Asks: 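Below you'll find the structure I mean.
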Amino acid sequence: MSKGIQNQIAELVARINEHNFQYHSLDAPLISDEEFDQLMIQLQELEKQYPQYKLPNTPTERIGGPPLEEFQKMDHRLPMLSLQNANNASEIADFYTKTQEYLNLKPEDSIEFIAEPKFDGLGVELIYEKGKLTAALTRGDGTTGELVTEQIKTIKSIPLKISTDLDILEVRGEVLMKKKDFLELNIEQEKNNLKTFANPRNAAAGSVRLLDPKITAIRPLTFYAYSHGIKSFESKSQYEFLDLLYKLKIPCLINTSINKFNLYQKINNPDLLIVYYTALQDLREDLPFEIDGCVFKVNKTTLQKRLGFVARSPRWAVAGKFRSPKKLTRLIDVQIQVGRTGALTPVAQLEPVEIAGVIVKKSSLHNFDEINKLDIRINDMVWVERAGDVIPKVLKVELSQRPADSSQIEIPKTCPSCQTAVVKLDGDAVIRCENSLCPAQMKERLVHFVSRKALNIDKLGDKWIHILFDQKFINTYSDIFSLEKEQLLKLERMGDKSAENLISSIQESKEVSLEKFLFALGLRHIGEQGARTLAKNYDNLESLLETTQEQLENIHDIGPKAAEAFWSLINNSELKSEVMKLSQILTITNLKPDTKNLSLLDKSFVITGQFEKSRSEISNLILSNGGLVKSSVTKKVNYLVCGEKPGSKLKKAQELKLEILSLEQLQKLI
Ligand code: IVH
């Protein structure tokens, strides 16, 4: 009897899963919705009666569990990086040439790329352990994401189980809402007096990031895979990897064509990359989902490994971004914003205009030189685009429509926030307020301090920072950590629960990496990359604060401006004492990869002559193994890496009795 029930359940699960695949992945249902619902009801009944036979891949898991209190955060085992952009055909051609040069190939040697659509949705990572979907994470800031497992399980085309017993397979892809589903959802939302979404991307992201997975379950979401995190097997190429996903029935469009155009293509010459880019752009309107470009990836894994990464993007891939639609609208006014470094930015206030699904009302004009260059006046009609489909940009004035009452935009003489006289330094396009106590600057510094890439206090948004600052609850960074619930409750529209959440999100942010902490300080010229480099070069905050100006300037990749900016922090007693105060409140960690095993640690190299690898590849090889690359031969240099036809450097190195290495010897040393 029990065997009978068990079999019956297993059979129902298999049938329903197959129908889900037919319907959601292949768009080819075999049975009616009513018949499908009947099967689901049968299964639910049986599982209720015999919970002991419930299977891990049962489709009833997709209905969505109980609502969450908040999203749990989790680190990606491999960071989810971003892509460099190529904005037009010539930048795509440049990318091809640069890749060829890095690999030291001759112009006639071709490289094979995979061309793919660039999906415009929410990046997520699915984690399969022994074939079972055990977790799903949003991309987040690339390092840390939010656990959205229950929400993701409700997406019917994502298999809960795949037929493999691989220890681990992390699949990365994009959650999307198809254009048709998006329009239907908005109609439904409007009918029910609920908020509508500006575009399919927001609808998809908003639907995944819902605390109640039961609501996610009724949102029509789709997922397409495009790459991987860690995985317990090697694949020879991107194509081979995608093909495996396809075989595992993980949604992937590798074998899909639309209007006879294959969405995924192997391409080995730059002209054909551009043909693909143009053709996909023409197809954009006809696709059932939104894309914002294409992605070209070097196909072979061995070549990907050689190319490696620059900052946060792979050198082996590029996003070919599409032209944004341009719209004509009126410039109503220009407001001046004061940034955290005191820069005064003119911001165009525009008559609202819809561009690619988003209503644009303002756009930065960057600086007053830009305004002069474009000859923009108030009341002008201006052409606006969304650069990279995200940030709006004023392109030019439509002079043929200049109205008689257009008026010049005045350059401010004083800061709109603190009324201090502004300054404009020679060679700097920017006008600045140099009053470090300027309230607008202080607010913006606080906003930056809590932002996602800095301390990431997610419950403390811009709006609250402004209110807390205006109410004089906070003035400097450290004040944030002395906020108390009772105090917060005095604020309008702050309930008990929100106050508690805010306080606990502040508490959670207290453990922070040195790199994020340095970035959070918002020093001029020290962005994410600069902060990372500083953190890499020092053990902890204390040793960094004891550094000398010379040491700072000698760090590879720290420019003189960044060194100067950091040096002025050390010499500014007020800011320094704030940093010291923060170091008491926070736990600042600086975990580094174990550098002791880096074979070239602290050794310095000069490269000369010609090699089968490019200079860039060789110097990155040295740098990534802890070594330093210098441009001229001195007695402080340890090795000369010497190829064919060396120049005068070889002679000099021989005179100084430096050790001379061939490329092979260097590789052996590593
Ligand atoms: S590959 C290391 N392929 O674009 C390479 N990304 O700017 C990582 N995206 O966060 C990305 N379609 O969310 C890749 N076919 C595609 C993609 C794609 C969309 C998104 C993804 C990523 C962002 C990168």
Side-chain angles (χ1 to χ4, degrees), residues 76-87 91-92 95 99 113-126 136-146 148 152 170-177 199-202 204-205 208-209 221-231 235 237-239 241-243 245-246 250-256 262-267 273 276-277 280-281 283-284 287 289-301 303-305 307-322 387-391 452-453 528:
H76 295 282
R77 274 177 275 211
L78 261 188
M80 281 181 89
L81 305 171
S82 41
L83 292 165
Q84 320 168 55
N85 289 338
N87 291 308
E91 290 183 20
I92 293 174
F95 167 72
T99 313
F113 285 89
I114 296 294
E116 312 181 350
K118 185 169 189 300
F119 305 107
D120 195 11
L122 176 75
V124 294
E125 173 167 82
L126 313 177
L137 266 178
T138 61
R139 175 174 186 273
D141 64 1
T143 308
T144 313
E146 285 173 333
V148 285
I152 290 298
E170 294 181 346
V171 178
R172 292 173 176 184
E174 203 90 347
V175 174
L176 302 170
M177 194 175 285
N199 53 48
R201 173 169 20 92
N202 288 3
V208 171
R209 297 190 67 259
L221 296 170
T222 307
F223 171 87
Y224 296 123
Y226 54 70
S227 81
H228 54 78
I230 58 166
K231 55 181 174 48
S235 38
S237 66
Q238 165 76 355
Y239 196 88
F241 174 74
L242 295 178
D243 197 46
L245 294 186
Y246 184 80
I250 293 174
C252 167
L253 296 177
I254 187 170
N255 294 319
T256 307
N262 279 337
L263 292 182
Y264 284 72
Q265 294 184 19
K266 284 186 188 168
I267 297 178
L273 290 181
Y276 176 94
Y277 169 71
L280 190 68
Q281 182 153 317
L283 195 67
R284 189 177 185 182
L287 292 176
F289 46 80
E290 296 273 10
I291 57 172
D292 58 349
C294 58
V295 186
F296 299 122
K297 300 175 182 168
V298 169
N299 190 27
K300 264 198 184 160
T301 313
L303 293 184
Q304 288 186 359
K305 285 198 173 139
L307 284 152
F309 299 87
V310 232
R312 304 286 283 171
S313 357
R315 217 180 259 113
W316 44 264
V318 77
K321 299 294 283 235
F322 288 156
D389 262 2
V390 188
I391 306 158
R452 198 166 75 158
K453 291 176 175 172
E528 263 186 290

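One-based numbering, in listed order, for ligands and for the atoms of each. Everything numeric here is computed off the predicted structure, so don't read it as measured data.
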Asks: Ignoring hydrogens, just give me the one of Tyr226, Phe309, Tyr224 whose non-hydrogen atom is nearest atom 21 (C) of ligand 1.
Replies: Tyr226
Asks: Non-hydrogen atoms of Arg172 versus ligand 1: any pair closer than 4.0 Å?
Replies: no
Asks: Does the side chain of Arg139 come under 3.5 Å of the side chain of Thr144 through a donor N or O and an acceptor N or O?
Replies: no
Asks: For Ala317 and ligand 1, answer yes if some heavy atom of the residue is under 4.0 Å from a ligand atom, otherwise no.
Replies: no
Asks: Heavy-atom distances under 4.0 Å decide this one: backbone, side chain, both or neither, for Pro117 against ligand 1?
Replies: backbone
Asks: When you measure from atom 12 (N) of ligand 1 to every protein heavy atom, which one gives the shortest distance, and what is it?
Replies: Phe119 N, 3.0 Å
Asks: May I ask you to test the Glu125-Ser227 pair for a side-chain heavy-atom distance under 4.5 Å?
Replies: no
Asks: If you define the side chain from C-beta out and look only at heavy atoms, does anything of Leu176 sit under 4.5 Å from Glu290?
Replies: no
Asks: Taking NZ in Lys300 as the centre, count heavy atoms belonging to other residues, nucleotides or ligands within less than 6.0 Å. Is the count above 12?
Replies: no
Asks: Heavy atoms only, cut-off 4.0 Å: how does Leu83 contact ligand 1, side chain, backbone, both, or neither?
Replies: both
Asks: Which of the numbered atoms in ligand 1 are below 4.0 angstrom from a heavy atom of Arg139?
Replies: 10 (O)
Asks: Do me a favour and list the nearest non-hydrogen protein atom to atom 2 (C) of ligand 1 with residue, atom name and distance?
Replies: Pro314 CG, 3.5 Å
Asks: Name the option, out of Lys297, Lys118, Glu174, Glu116, that contains the heavy atom nearest to atom 23 (C) of ligand 1.
Replies: Lys118
Asks: Would you say the side-chain atoms of Gln265 and Glu116 include a donor-acceptor pair closer than 3.5 Å?
Replies: no
Asks: For the aromatic rings, using the six-membered ring if either is Trp, is the centroid distance between Tyr239 and Phe113 under 6.0 Å?
Replies: no
Asks: Hey, can you tell me if Tyr226 and Phe119 have their rings parallel, tilted or perpendicular (30° and 60° cut-offs)?
Replies: parallel
Asks: Tell me, which protein residue and heavy-atom name are nearest atom 8 (C) of ligand 1, and how many Å apart are they?
Replies: Leu81 O, 4.0 Å
Asks: Take Glu170 and Arg77 through the salt bridge (charged side-chain N to carboxylate O under 4.0 Å, His left out) test and state the conclusion after the steps.
Replies: CA-CA 9 Å; Glu170 294 181 346; Arg77 274 177 275 211; 2.8 Å; yes
Asks: Which part of Ser227 is near ligand 1, with near meaning a heavy atom under 4.0 Å away: side chain, backbone, both or neither?
Replies: neither
